[in-house]
Structure formats: C-alpha cells, structure tokens
Protein chains: 2
Amino acid sequence: MNDRMIPAARMTGHSQRGQCAKRISILDAAADVFCRQGFAAASIDEIAAVACVSRQTIYNHYREKETLFVAVVEDVMNRANAMLFSVLSAFPDNADNLEDDLTVFVIRLNKNCICNHDGKFLRKLVQTEGERYPHLFESWRQHGPGKLTTALSALLARLAQKGALIIDDFDVAARQFVALGNADLQMMTLFGGTPSDAELEKAARNAVRTFLRAYGRPAADKAGTQPQLAALSG
Amino acid sequence: MNDRMIPAARMTGHSQRGQCAKRISILDAAADVFCRQGFAAASIDEIAAVACVSRQTIYNHYREKETLFVAVVEDVMNRANAMLFSVLSAFPDNADNLEDDLTVFVIRLNKNCICNHDGKFLRKLVQTEGERYPHLFESWRQHGPGKLTTALSALLARLAQKGALIIDDFDVAARQFVALGNADLQMMTLFGGTPSDAELEKAARNAVRTFLRAYGRPAADKAGTQPQLAALSG
DNA sequence: GTAAAATTAGACGCCATTGTCTAAAACGTC
DNA sequence: GACGTTTTAGACAATGGCGTCTAATTTTAC
C-alpha cells in the first residue's frame, strides 16, 4: 500500500518464475490484507477486491489460502533480505568520521529495514502467526535479525581492530547497537505510524552517541567536531 | 496456563465485582486462547473447553465475544500494572552498590514485567489487534512502557542528582536503559521461549555495564568490586 | 429439605468464508 | 478475423463459528 504502487516496476527487477502483473498485484494486496487482518480474519474476497482481481484468479495462481500466504511471506522476505544486504554493504570501508558514519548507518537501517513496510509486516506477521508456522519464525530470525547482528558484529570487530572502538564482546555490542538504535523508536516500531526524518535522525544520533560513550576510544572523549551529515540518500 | 493455576487464589487478592471462580476460569482460558489464536481465530467453543465451562456460561457472564475480549485485556493489564508498580517501588532508596542495584532491577523488570506471561500476552495482543482497537494500543502504551520510562526517568534523575550518574537527557537515557535491558532478550521477548535465570542475569549484567560505561561517573571507572548479587527474590 | 439461581448439553438459525464450477467475456497471438 | 488462454462474475455446496433458546441438572442459599 505504501511502497511500489506500480506493479509493473517489479517485473524488471527480478523476473522470477511467473511474475506476471496479476501475480504481483495479488501478492501486494494479500500482503496488505494479511498484515492488517491477520491470516484468519483475512478474507480471499477482500484480497481479490484490493487486487482488483477476480477471486477465481487467485485460486488459479495459488491453490488455497495457505499457499497464497506462504508465497506472500516468501516474497516479502526476499525483498527485505535484499534491502538489508544493500544497507549493510553501504557502510564505508575506510572510516572517515566514525560518529557520522554510524549515524547514517543507523538511519538507513531504521528507515529501510525496520520502519519500512516490509519490516513492519514481517515483525507483525512473525508475532501473529509465528506459533502456527514455526519455520516462518525460524527463517525470519535467521535471515533478519540474525544476519544483521552477525554482520554488525563483524563490522564492529573491524572497527575495534583499527582502534576506533574498544569492545570486549562483539556479539553483545552488536545487539546493544541495534537495541540502542531502536530505543527511541520502539513505540513507533512496534506498531503504528512511521517516524519522521527528523525523529529518525535524532534517534540515530542519540543511539550512536551513547554507544560511542560506552565503546568509543576514550581519547576522542566528546566535543570535537559537531557531526554534519548532509546527504543521507535512501 | 502458566501463572496462577489455582483460580481460587485470586479471589482473596482483589475481590472485584463478581470475581467468582467461573469468571476467573473463563478469563484465564480466554487469555490463553486469544493469545495463541488471535481474536478472529479464537473460538468460543475452544475457550469454553479450556475453561471447562459450558459455552452458555460464557455468554451468561459476557454478552458477546467482544465483551469477553475487552474484559480479558483489562484483567491482564491490571495485573501487569500492579506488577510493574511493585518492581518499580522495590528499587532501594539509598543506593548501596549502584551496579548491583541496577542489575537486580533489570532482572526483576525482565522477569516479571516483560518475559512473563502477561507481558508477552499484551505485547502480542497490541500488535495483533492494536489496529482494530486503537484505544487498546493507547491504553497499553500509557500504562505499560509509558509509565515505565516515566518512572525510570525520575529514578535516573534522582541518581544523577546524587552524582552517581551523568546524564544530559533523562528521557533518552531511560529509553536506552530499557532498550539495553532487552537487547540480549529481544529474540526471546518477541516470541517464543522464556529465558533461563542465567540468561536473564547475564543480559542484565551486560546491559548495566554498558549503561554505566556510557552514563556512569568516570571516577569509578571499572574494575572495583565484582558484583555479587545473592538473593534476587521474585 | 426445598426453592432459587447457576450451569450444562445440545439443538437451532444465521451468517461469513472457503473452494469449486460454469458460462460468458476479454485478451493476446497468429 | 479466428483460436486458445486467461480472466471474470456469479451461483453453489460445505464448513464452521456466533449467539439464542430450551430443558435438564447441579450448585447454592436459607
């Protein structure tokens, strides 16, 4: 409902098997309705109406409600995965200004992986239907937060080796980094509205400042340069 | 299903209007089923079966499914509220060993307010049905996390005034304190199994250590006394 | 012990939803 | 323009859950 209003745009991206316009339209509508209503309360008729598609067409592409549901989850997870990888690999190799770099990273992470449509969908879904589909929960854990903390742990280790950080336990630090990044947005993240860009930036700044106060090289102390982050594309 | 297996035990606590054994049994069963299935998928028949009660009895006490649902939420929220107050007021007035005190506090908080049955229920519920019942979400926010961070902010201000902490923004610090306390348990907290006591203690220790590294008086630095927390009742 | 209240089991109507089926219509391709 | 495929609208049975009703039974109160 929020992202990608033009279904055709996705055909160019990854033309997986049978990704015709109808399928995409159905997947998007189903994601919307499943997310709003939950699996049980979501009705095929409503999905068909939102997708501007006949009910029979849905049953034509996906044998039953369950099939459609797992297809939706798979689709959303693939996109979220790609986005996470993109954000992770955008972290600059040669650290220029650590505080700025980390702040931009947190902003990107929150904006594109946690507060975005897919992130909210997956979190809500896992909690709503995770008990019914344990493999769904497990898959989400491994590909979502698991991958994030693993990659983050490696990143922190790299920074510590350079002497920019002083960390005893990289995994703990990685989890704390994520937790701090979400501290100011938890109410938003858990449910409801998306935070504004200003809120995102302030939250990221608070998080990074505290993180660096705990793990930063004590030499730099504070003061120093007032962080100036101009372009935070995407 | 987990806590209070003996319904009669609650009659002594707060004998609110009409809190007979049947009502309590129904409320408990309904909480269980609503939590597992969500509102839509939960069936009155299953609730009746779990409560070992006739379906008609449920309709006798609660006019319809919706009525039962809000009664369940109210009930769980009341208990969670009382527990949160209890944990908050258990923080020692005259700080002895700050690190130990905070650690015990985090353990109690996580164990009795976040990882316990009611906490998980409310969090799951708010995310599952919050969109349908905005007032439910709002009420939970005010009485749950809202009250917690407010009280925590006051506590941190008290500690800062004593010189034990150096904090510029108490609200931010309070949110970060909560976030750090949950950092190691987020996967558990979000869904699934309850962490063991050892995990709870280690998570609390990690959280408090990082928090004090960021906000603690730099004089004490580290080393000092190895924290020794013996009794952490409740 | 008896009367009143609460509880039970089961049947019932009603409604929404799922998934199937069919005939008509739209679409694309040659 | 003709043909095969896809889509559509609607009817259809089957299922299951909600909420009501009733008669029998248990519990409670006096």
Side-chain angles (χ1 to χ4, degrees), chain A residues 6-8 10-11 15-73 128-129 131-133, chain B residues 6-8 10-12 15-73 125 128-129 131-133:
Chain A
I6 308 115
R10 280 177 61 203
M11 297 197 57
S15 66
Q16 256 172 338
R17 181 173 52 81
Q19 286 288 19
C20 68
K22 290 281 177 192
R23 283 183 94 93
I24 294 167
S25 167
I26 292 171
L27 282 180
D28 286 351
D32 180 30
V33 176
F34 277 137
C35 189
R36 271 191 293 110
Q37 317 263 40
F39 178 80
S43 94
I44 299 283
D45 284 325
E46 186 177 352
I47 293 173
V50 172
C52 297
V53 148
S54 155
R55 176 173 66 252
Q56 184 56 34
T57 301
I58 293 182
Y59 284 107
N60 194 1
H61 286 276
Y62 307 95
R63 189 159 28 78
E64 54 189 354
K65 198 181 179 184
E66 190 100 0
T67 314
L68 173 59
F69 179 73
V70 304
V72 167
V73 173
T128 308
E129 315 290 348
E131 207 143 359
R132 281 193 176 286
Y133 305 83
Chain B
I6 309 113
R10 280 176 62 202
M11 298 197 58
T12 66
S15 66
Q16 253 173 338
R17 181 173 53 83
Q19 284 290 20
C20 68
K22 291 281 178 192
R23 282 182 95 93
I24 294 167
S25 168
I26 292 171
L27 282 180
D28 286 351
D32 179 30
V33 177
F34 277 137
C35 189
R36 271 191 293 109
Q37 317 264 38
F39 178 81
S43 95
I44 299 283
D45 284 324
E46 185 177 353
I47 294 173
V50 172
C52 296
V53 148
S54 155
R55 176 175 63 252
Q56 184 56 33
T57 302
I58 294 181
Y59 283 107
N60 196 359
H61 286 275
Y62 306 95
R63 189 159 28 80
E64 53 189 356
K65 197 181 180 183
E66 190 101 1
T67 314
L68 173 59
F69 179 73
V70 305
V72 166
V73 173
L125 206 71
T128 307
E129 315 290 345
E131 206 143 359
R132 283 195 175 284
Y133 306 84

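Below, each value reflects all heavy atoms present in this structure, side chains not excepted, and no hydrogens, waters or symmetry copies. Order of the sequence lines fixes the chain letters, A, B, ..., with proteins taken first and strands second; residue numbering starts at 1 for each chain.
Across all their heavy atoms, A40(A) and A41(B) have their closest contact at CB-CB, 3.5 Å. Residue S54(B) comes nearest to A48(B) through the heavy atom pair C-CB, 4.1 Å, listed as atom of the first residue, atom of the second, then distance.
Remark: the backbone N or O of V33(A) is not paired with any side-chain donor or acceptor of E46(A) at under 3.5 angstrom. With hydrogens and angles disregarded, no donor-acceptor distance shorter than 3.5 Å links the side chain of T67(B) to the backbone of Y62(B).
For dC21(D), its base sits under 3.5 Å from the side chain of Q56(B) at one donor and acceptor pair at least.
Put simply, N60(A) has a side-chain N or O that comes within less than 4.0 Å of OP1 or OP2 on dT7(D). OP1 and OP2 of dT7(D) both lie 4.0 Å or more from every side-chain N or O belonging to T57(A). Taking only side-chain nitrogens and oxygens, K65(A) never comes nearer than 4.0 Å to OP1 or OP2 of dT15(D). Put simply, H61(A) has no side-chain N or O that comes within less than 4.0 Å of OP1 or OP2 on dT6(D). Residue K22(A) places at least one side-chain N or O under 4.0 Å from the OP1 or OP2 atom of dT8(D).
Distance CG (D45(A)) to P (dA9(D)): 12 Å, rounded to an integer number of Å. Atom P of nucleotide dG16(D) and atom CD of Q37(B) are separated by 15 Å, given to the nearest angstrom. Rounding to whole angstrom units, CZ of residue F69(B) and C1' of dC18(D) are separated by 17 Å. Atom-to-atom, CD1 of I44(A) to C1' of dA14(D) comes out at 16 Å; the value is rounded to the nearest Å. Atom pair E64(B):CD and dT20(D):C1' shows a separation of 13 Å (rounding to whole Å applied). Here dG17(D) presents its C1' atom at 12 Å from CZ of F39(B), a figure rounded to the nearest Å. With rounding to whole Å, I47(A) atom CD1 is found 18 Å from dA16(C) atom P. The distance between atom OH of Y62(B) and atom P of dT20(D), rounded to the nearest whole Å, is 16 Å.
Residue contacts for A42(A): at a heavy-atom cut-off of 4.0 Å it reaches the sugar-phosphate backbone alone, with no base atom in range.
For R55(B), taking side-chain heavy atoms from C-beta onward, the closest of the listed nucleotides dT7(C), dT18(C), dT20(D) is dT20(D). If you check dT20(C), dT17(C), dC18(D) against the side chain of Y59(A), the one that comes closest is dT20(C). Closest approach to the V53(A) side chain among dG19(D), dT8(D), dT7(C) is made by dT8(D) (side chain taken as heavy atoms from C-beta onward).
Ring-plane geometry between F69(A) and Y133(A) is classed as tilted, the angle between the planes lying from 30 to 60 degrees on a 0 to 90 degree scale.
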